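For clarity, every value in this text was computed on a predicted model and none was experimentally measured.
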Amino acid sequence: MSATSSSEGASPGATAPESRSWTLRLRQAIDRHLPMDHLLPDRQPYYVGSWVYVFGVVTIAALAWVIASGVVLSFMGPQWWHDSRVGRFFNSLHFWSVQLFFIFMVLHLWGQYFMAGWRSGRAATWMIGVIIFGISILTAFTGYLSQQNFASQFVAINAKDAMNGAGIGAFFSVLNFGQMYGLHVMLLPIGITILVVAHIVMVRTRGVVKPIDPEGGARP
Amino acid sequence: MDTPAAYFHWGFILISVPNLIVIGGMIVLFAIALIAPFPHGGEEGDDVGNK
Ligand code: HEM
């Protein structure tokens, strides 16, 4: 099969002969699964006109504030966030945007649960959500351990026995500030951001799930 | 912050009042999201982006 550049400029989705060029194959796969009007739509099905669908986007907004305020905190350091007025303000910004992040993530989860958002090939979207939820809890936990005050020492001392009891104390040591802080400032920005991007791309490839048929059974 | 929170105790349910308020507020917000009318800008959308 001679299929080097025969499909140059082919319309999106055209079934060109298998090319040996991986860039061409990748581009065609993206065109097929995620054309631009799916990625950035300007219209949505009528049933998306409900506030329930806004919770996911609000969670992204809260996450943006968490990351932005967290970057400022990590630049300035514990002395600053405990002892200066501006530092305390950014500390509060970080803390309260995390509260909103969790509240809206759970409201989004409830919404997806009651509309059975995992239907019609969307199981992976739901499961990535579950993983994001788990990592978020871990990130919040390591965040409490990163405060550098008595509260964080209290949390660490009390948590260590549970960690040892679970058998993970040797490689997840809550008394090791460097490890907890490193996990905290790395897990959230990198791990959660990548998973959120995957989550959104998966939603955009399939479109928003149809409402459950009132006649019974899920529509395909 | 250093004083322990008040607790709500009802049978086997034991929860701090601040946590109870947060969960109650979330349920109220969820109900509002279901009931409150959503503003529609422009024409009704079609099925773009849906498979
Ligand atoms: C950082 C946390 C999260 C963010 C930023 C996020 C964001 C989003 C956004 C923007 C959508 C598009 C539709 C909508 O907003 O309703 C969506 C869809 C979805 N989310 Fe999440 N989500 C998160 C966590 C979760 C969790 C914890 C779950 C459940 C365990 C979940 C399950 C789903 C499912 C199943 C859909 C697909 C709905 C469909 O295809 O119609 N998400 N998410």
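In this structure, the side chains of Phe38(B) and Val54(A) come closer than 4.5 Å at one or more pairs of heavy atoms.
The nearest pair of heavy atoms linking Trp51(A) to Pro37(B) is NE1-O, 3.1 Å.
Other residues, nucleotides and ligands place more than 12 heavy atoms under 6.0 Å from the CH2 atom of Trp80(A). Within a 6.0 Å radius of OH in Tyr113(A), no more than 12 heavy atoms belonging to other residues, nucleotides or ligands are found.
Residues from residues 96-112 of chain A that place a non-hydrogen atom less than 4.5 Å from a non-hydrogen atom of chain B comprise Ile103(A), Phe104(A), Val106(A), Leu107(A), Trp110(A), Gly111(A), given in numerical order. Residues of residues 16-34 of chain B placed with any heavy atom under 4.5 Å of a heavy atom in chain A are listed by number as Val22(B), Met26(B), Ile27(B), Leu29(B), Phe30(B), Ala33(B), Leu34(B).
Of the atoms belonging to Phe114(A), it is side-chain heavy atoms, and not backbone ones, that fall under 4.5 Å from chain B.
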